[in-house]
Colleague: 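Take a look at the following structure, please.
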Amino acid sequence: MKNINNNNINREEIVKKYNPHLSSVNAKSPLSVGNGRICFTADITGMQTLYDDYLDETPLCTMAEWAWHVIKADNERGCYSLDDVKMTEYDYMGRRVSYPRVKYEGNEDAYDWVRQNPHKFNLGRITFMFKGEPVNGNDLDCINQTLDISTGLLHSTFRFKQYGDEGFVNVVTVCDSESDTVAFKINSQLLTKGLSVEIHFPYPSCDITGSDWTDVLGHSDRICYENCKDGNKCTIERIADETTYYVNISSDSRVEKLREHAYGVSSGENLLHLSVNFQSKKMIGENFENASKNSRAFWHNYWNSGKFFIHDNNELMRRVILSQYLLVINDSGFIPPGETGLTCNSWYGKAHLEMHYWHMAWAPLWGHPELLERSFDWYINILPEARKNAARNGYKGARWTKMVSYTGKDCPSKIAPLLVWQQPHIINMLQMVLDSYKENGISTEDVDTYMRKYWILVKETAEFMEDYLVYDFMSDTYNIESPVIPVQERHLPEDTRNPIFELAYFRYGLVIASQWASHLGDITLSQKWDNIAGRIAPLPVSDGLYISHENCPETFTEKAIDHPLMLMVYGMLDGFGAKDIIDMDVYKSTLLKVIDVWDYPTLWGWDFAVIAMAADKLGLKDTAVSQLLMDSPKNEYVESGNNRQNSRKDLPLYLPGNGSLLIAVAKGSDPGKFL
């Protein structure tokens, strides 16, 4: 993929061709506006009016990366910690190691509480009301909604049937790029006849909706009058247990408290402007005019900078363009995102760090490294927790857990604590950002500044990998020993040895860490890591095919499900760290075998990109494109552009799928269609 010269092409005109458009209620594909820190998901009214109609498919939420809640535990302390969770013990090369894996009888409360807390929650619902009553979707027609992704503005038109031509409502919805503000411009004659806007607040929940509308007493809100200079501005302090946040409402009409947890804005004019700012502190956000201006400027700059992509396959183009928009508004904040970003809760809103790569590693490849670098300070901030996670089982350095909230603390899970493929991610992503900056002409001085700032992450990540690998004197190799669960989460930890992708990825991570150490003057450390990387065990082979791990000859029979991790060596790393030890004939046979026997409905959204990248590296370009567009239950991209996992109700959108698509396109070779 190459940079596009703006003198030769109007990027924004191309982008506009793929603006999502809805002409009816589509609960699988609501449209969202956001800025990477906050996201507002709307129905066809441009608000969250038809909340119940969308609930079973895609909940309508307002979520922010900073908005976390903890439910008070039913014990003396009001909370639990990982120390309260009974550990599962394993034999590890003659010593005992333990992980919070099994939910033991009598320990359920501690296990579940630590797993579910802290969790993200729904900040509030913004909805139309008519004459004080909820609006029914059956009362509406003439639906015409378009999300202009070139500006970030959502345009919605609909009509209240019984009022004929006087019943039209026009709404423009936007999220400010500079503050966590959602703003609206509403134009309708019905504003003078009973149409109003209400803002409702739920008690926080850890479920997919982030909302508990049944609990009225567990939370409170009060108007902070010192922030309310007139009736058109109102600051509401929201308190739920230990969580406090502020909602700053600004309008050209009066803001009133209607009842507990509900505030209203009505107008005697045909035009109403409203902005709702959400913050962890008191402040007033931007009005509609400024929010729109900021959003237009941000998206104009985004689409006209970095790299671009053109292909004659219209569906591939649609997915690529919309994926960029969705990943920016959901995933480009300062904390690694959850699987569903800021649209709704998946796994209690917590991040899966092994997915951070699939969420955001596309950004430096597309010339937007700053969008990924935003999250690197978080890794530095939680470094003490990563050190504790390593030390818990006697390891050096920092061990990055899989499932985390903003705190960085580990979570109980039957899978997560025993995964290690997320470990080299931070080294990989740091290098990708650095490479992007170098490509854009960063100075030598700035390279040194960047590398010195993040060296602590590289060093402690590599120290754990070094200590985690086990040296075998007889074979003169470093191995990954049980207990471990590989990328393909279908293997028992006690049976798994030398999972193929983890071998290659650890090798990659140590090679990059060695390069950083050498650049920064630590030659001894550089030589040590190079020596270990060069002695990592060979990739496991059986019957002329690469297999999941050393003890899994049944890879292509009993285990031909879930992630085909043996393809990730080239289907993610471009072979770096393994290209001198991989047999390309064996690799090609392995790819063809996967395509022939794998259970495709069990693949996840990002697996299709992995297979496509593997095919592309082997020169099978048509196969690569067909894999990206494969008709499969977890490879659907709905009207909004979201990758939907149709076999899972808990994943109405799956942003790692979108991110992997962009990575595959960026890493693809040029078949005459990439410009």
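Basis for what follows: all heavy atoms, side chains included, without hydrogens, waters or symmetry-related copies. Residue numbers count from 1 along this sequence.
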Colleague: Mind checking the OG-CG spacing from Ser375 to Asn381? Nearest 0.5 Å is all I need.
Modeller: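 One finds 11.5 Å between OG of Ser375 and CG of Asn381.
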Colleague: List the steps, then state whether salt bridge (Lys or Arg N to Asp or Glu O under 4.0 Å) holds for Arg392 with Asp83.
Modeller: CA-CA 11 Å; Arg392 187 176 296 118; Asp83 292 336; 5.8 Å; no
Colleague: Looking at the rings of Tyr379 and Trp400, which for Trp means the six-membered one, are their centres under 6.0 Å apart?
Modeller: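 Aromatic pair counts; centres sit under 6.0 Å.
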Colleague: Below 4.5 Å, heavy atoms only, C-beta onward: do Ile38 and Leu123 meet side chain to side chain?
Modeller: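 Yes. Closest side-chain heavy atoms under 4.5 Å.
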Colleague: Closest approach of Val85 and Pro412, non-hydrogen atoms and distance?
Modeller: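 That would be CG2-CG, 4.1 Å.
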Colleague: Between Thr127 and Gln48, do the side chains contain an N or O donor and an N or O acceptor separated by less than 3.5 Å?
Modeller: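 No - no donor-acceptor pair under 3.5 Å links their side chains.
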Colleague: Within this structure, what is the CG-CD1 distance for the pair Asn232 and Ile249, rounded to the nearest 0.5 Å?
Modeller: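 The distance works out to 11.5 Å.
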Colleague: Could you walk me through whether Val70 and Trp113 pass the side chain to side chain contact (heavy atoms under 4.5 Å, CB included) check?
Modeller: CA-CA 9 Å; Val70 173; Trp113 192 95; 3.3 Å; yes
Colleague: Hey, is the main chain of Asp207 close enough, under 3.5 Å, to the side chain of Asn345 for a donor-acceptor pair?
Modeller: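 It does hold such a pair.
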Colleague: Ser177 and Asn35: side-chain donor and acceptor closer than 3.5 Å?
Modeller: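 Checked: Ser177/Asn35 side chains show no N/O donor-acceptor pair below 3.5 Å.
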Colleague: Relative to the ring of Phe298, is the ring of Tyr302 parallel (under 30°), tilted (30 to 60°) or perpendicular (over 60°)?
Modeller: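 Parallel: the ring planes of Tyr302 and Phe298 meet at under 30°.
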Colleague: Checking side-chain polar atoms at under 3.5 Å, does His200 have a donor or acceptor matched by the opposite partner on His261?
Modeller: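 Their side chains do not contain a donor-acceptor pair, so the 3.5 Å distance test is not met.
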Colleague: Under a 4.5 Å cut-off applied to non-hydrogen side-chain atoms, are His119 and Ile71 in contact?
Modeller: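 Answer yes - side chains close enough.
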Colleague: With heavy-atom distances below 4.5 Å as the criterion, would you say the side chains of Asp112 and Lys103 are in contact?
Modeller: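 In short, these two side chains touch, coming nearer than 4.5 Å.
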Colleague: I need the minimum non-hydrogen distance between Thr461 and Gln423, along with the two atoms involved.
Modeller: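 Here Thr461 and Gln423 meet closest at CG2-O, 3.2 Å.
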Colleague: Sub-3.5 Å donor-acceptor pair from the side chain of Trp303 to the main-chain atoms of Ile149, do we have one?
Modeller: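 Yes, because the side chain of Trp303 sits within donor-acceptor range (under 3.5 Å) of the backbone of Ile149.
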Colleague: Can you confirm whether Glu260 is buried at CD, in the sense that more than 12 heavy atoms of other residues, nucleotides or ligands lie under 6.0 Å from that atom?
Modeller: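 Buried by this count: over 12 neighbours within 6.0 Å.
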Colleague: Counting N and O atoms only, with roles assigned by atom type, does the side chain of Thr62 sit under 3.5 Å from a partner on the main chain of Gly124, one being a donor and the other an acceptor?
Modeller: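 The answer is yes, because a donor-acceptor pair under 3.5 Å joins these two groups.
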Colleague: Ignoring hydrogens and geometry beyond distance, is a side-chain donor-acceptor pair present between Glu373 and Tyr454 at under 3.5 Å?
Modeller: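 Yes - a donor-acceptor pair under 3.5 Å links their side chains.
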Colleague: Go through it in stages, so that I can follow the logic: the residues are Met63 and Cys39, the test is side chain to side chain contact (heavy atoms under 4.5 Å, CB included), and I'd like the CA-CA distance, side-chain angles, deciding distance and then a yes or no.
Modeller: CA-CA 6 Å; Met63 287 191 162; Cys39 181; 5.7 Å; no
Colleague: Test your reading of the model: is there a side-chain donor-acceptor pair from Thr58 to the backbone of Ala27, 3.5 Å cut-off?
Modeller: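 Pair found, side chain donor or acceptor close to backbone of Ala27.
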Colleague: Where do Val135 and Phe128 come nearest, in terms of heavy atoms and distance?
Modeller: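 The pair with the smallest heavy-atom distance is CG2-O, 3.7 Å.
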Colleague: Using a 4.5 Å cut-off on heavy atoms from C-beta on, say whether the side chain of Trp213 contacts that of Arg125.
Modeller: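 They are in side-chain contact.
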Colleague: Does a side-chain N-to-carboxylate-O contact under 4.0 Å join Lys453 and Asp377?
Modeller: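 Answer for the salt bridge query: yes.
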Colleague: Could you walk me through whether Tyr395 and Glu463 pass the side chain to side chain contact (heavy atoms under 4.5 Å, CB included) check?
Modeller: CA-CA 9 Å; Tyr395 294 114; Glu463 284 178 344; over 6 Å; no
Colleague: Identify whether the distance between the nearest side-chain nitrogen and carboxylate oxygen of Arg399 and Asp410 falls below 4.0 Å.
Modeller: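 No, no charged N to carboxylate O under 4.0 Å.
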Colleague: Has Lys72 got more than 12 heavy atoms of other residues, nucleotides or ligands less than 6.0 Å from its NZ?
Modeller: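 12 or below, so no.
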Colleague: Within the distance-only criterion (no hydrogens, no angle test), does the side chain of Lys28 pair as donor or acceptor with the backbone N or O of Glu639 below 3.5 angstrom?
Modeller: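 Pair absent, no side-chain N/O of Lys28 close to backbone of Glu639.
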Colleague: Can Tyr406 and Trp66 be counted as having a side-chain donor-acceptor contact under 3.5 angstrom?
Modeller: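 Trp66 and Tyr406 do not have a side-chain donor-acceptor pair below 3.5 Å.
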Colleague: Can you tell me how far the CH2 atom of Trp421 sits from the CG atom of Leu353, to the nearest 0.5 Å?
Modeller: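 Reported to 0.5 Å precision, the distance equals 11.0 Å.
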Colleague: Using distance alone, with no hydrogens and no angle criterion, decide if Asn330 and Thr343 have a side-chain donor and acceptor under 3.5 Å apart.
Modeller: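 Yes - a donor-acceptor pair under 3.5 Å links their side chains.
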Colleague: Assess the side chains of Asn122 and Ser211: does a donor N or O sit below 3.5 Å from an acceptor N or O?
Modeller: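 Note: Asn122 and Ser211 side chains meet the donor-acceptor criterion.
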Colleague: Any side-chain donor paired with an acceptor under 3.5 Å for Ser196 and Ser266?
Modeller: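 Absent: no donor and acceptor within the cut-off.
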Colleague: Would you call the rings of Phe201 and Tyr245 parallel, tilted or perpendicular, where under 30° means parallel and over 60° means perpendicular?
Modeller: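 Perpendicular.
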Colleague: Considering only heavy atoms from C-beta outward, does the side chain of Phe278 approach that of Phe40 to under 4.5 Å?
Modeller: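 Side chain of Phe278 against side chain of Phe40, heavy atoms only: no contact under 4.5 Å found.
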Colleague: Backbone N or O of Asn643 within a donor-acceptor pair of the Asn658 side chain at under 3.5 Å?
Modeller: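 Yes; judged by distance alone, with no hydrogens or angles, the pair exists.
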Colleague: So, Asn294 side chain and Ala291 main chain: donor-acceptor pair closer than 3.5 Å or not?
Modeller: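 Judged by distance alone, no pair lies under 3.5 Å.
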Colleague: With rounding to the nearest 0.5 Å, note down the distance linking CZ in Phe288 to OG in Ser251.
Modeller: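 Phe288 atom CZ to Ser251 atom OG measures 12.5 Å (nearest 0.5 Å).
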Colleague: Give me each pair satisfying salt bridge (Lys or Arg N to Asp or Glu O under 4.0 Å) with a member in residues 319-339, each pair once, sequence neighbours excluded.
Modeller: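 Non-adjacent pairs meeting salt bridge (Lys or Arg N to Asp or Glu O under 4.0 Å): Glu315-Arg319.
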Colleague: Looking at Ile44, Thr173, Val171, which hits side-chain contact (heavy atoms from CB on, under 4.5 Å) with Gln145?
Modeller: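 Result: among Ile44, Thr173, Val171, Ile44 is the only option passing the side-chain contact (heavy atoms from CB on, under 4.5 Å) with Gln145.
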Colleague: With no hydrogens and no angle check, do the side chains of Glu385 and Asn389 hold a donor and an acceptor under 3.5 Å apart?
Modeller: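 Result is no, nothing qualifies.
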Colleague: Test Ile442 against Asn440 for side chain to side chain contact (heavy atoms under 4.5 Å, CB included), laying out the working first.
Modeller: CA-CA 6 Å; Ile442 188 175; Asn440 292 327; over 6 Å; no
Colleague: Does anything in residues 353-372 form a salt bridge (Lys or Arg N to Asp or Glu O under 4.0 Å)? List the pairs, not counting sequence neighbours.
Modeller: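 Residue pairs passing salt bridge (Lys or Arg N to Asp or Glu O under 4.0 Å), neighbours aside: Glu354-Lys402.
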Colleague: Provide the closest heavy-atom pair for Tyr111 versus Pro100 in the form atom of the first, atom of the second, distance.
Modeller: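 Minimum heavy-atom separation between Tyr111 and Pro100: CE1-O, 4.2 Å.
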Colleague: Of all the heavy-atom pairs spanning Leu662 and Val320, show the shortest one and how long it is.
Modeller: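 Here Leu662 and Val320 meet closest at CD2-O, 3.6 Å.
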Colleague: Report yes or no: does Ser323 contribute a side-chain atom to a donor-acceptor pair with the main-chain N or O of Gly659 at less than 3.5 Å?
Modeller: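 No; judged by distance alone, with no hydrogens or angles, the pair does not exist.
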Colleague: For a quick check under 3.5 Å, do Asp212 and Thr214 share a side-chain donor-acceptor pair by atom type?
Modeller: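 There is such a pair (donor and acceptor under 3.5 Å, judged by atom type) between the side chains of Asp212 and Thr214.
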Colleague: Just by distance, with hydrogens left out, do Gln324 and Trp362 show a side-chain donor and acceptor under 3.5 Å apart?
Modeller: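 No pair is found: no donor N or O on one side chain lies under 3.5 Å from an acceptor on the other.
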Colleague: Take Arg644 and Glu57 through the salt bridge (Lys or Arg N to Asp or Glu O under 4.0 Å) test and state the conclusion after the steps.
Modeller: CA-CA 11 Å; Arg644 188 177 178 90; Glu57 293 290 352; 2.4 Å; yes
Colleague: Please confirm whether the backbone N or O of Arg37 pairs with a side-chain atom of Glu65, one donor and one acceptor, at under 3.5 Å?
Modeller: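 Not at all, since once roles are kept as given, no pair shorter than 3.5 Å links the two residues.
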Colleague: Are a donor atom and an acceptor atom from the side chains of His273 and Asn287 found within less than 3.5 Å of each other?
Modeller: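 Result is no, nothing qualifies.
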Colleague: Indicate whether the side chain of Asp241 and that of Tyr203 have a donor and an acceptor atom separated by less than 3.5 Å.
Modeller: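 Yes, Tyr203 and Asp241 have a side-chain donor paired with an acceptor closer than 3.5 Å.
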Colleague: Nearest 0.5 angstrom please: Ile126 CD1 to Thr45 OG1, how far?
Modeller: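 Here the interatomic distance stands at 11.0 Å.
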Colleague: Looking only at non-hydrogen atoms, find the nearest pair between Pro118 and Thr407 and report the distance.
Modeller: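 Scanning both residues, the minimum pair turns out to be CG-CG2, 4.1 Å.
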Colleague: Is any side-chain heavy atom of Val265 less than 4.5 Å from a side-chain heavy atom of Phe184?
Modeller: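 Side chain of Val265 against side chain of Phe184, heavy atoms only: no contact under 4.5 Å found.
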Colleague: Between Ser660 (side chain) and Trp358 (backbone), is there a donor-acceptor pair under 3.5 Å?
Modeller: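 Such a contact is absent between Ser660 side chain and Trp358 backbone.
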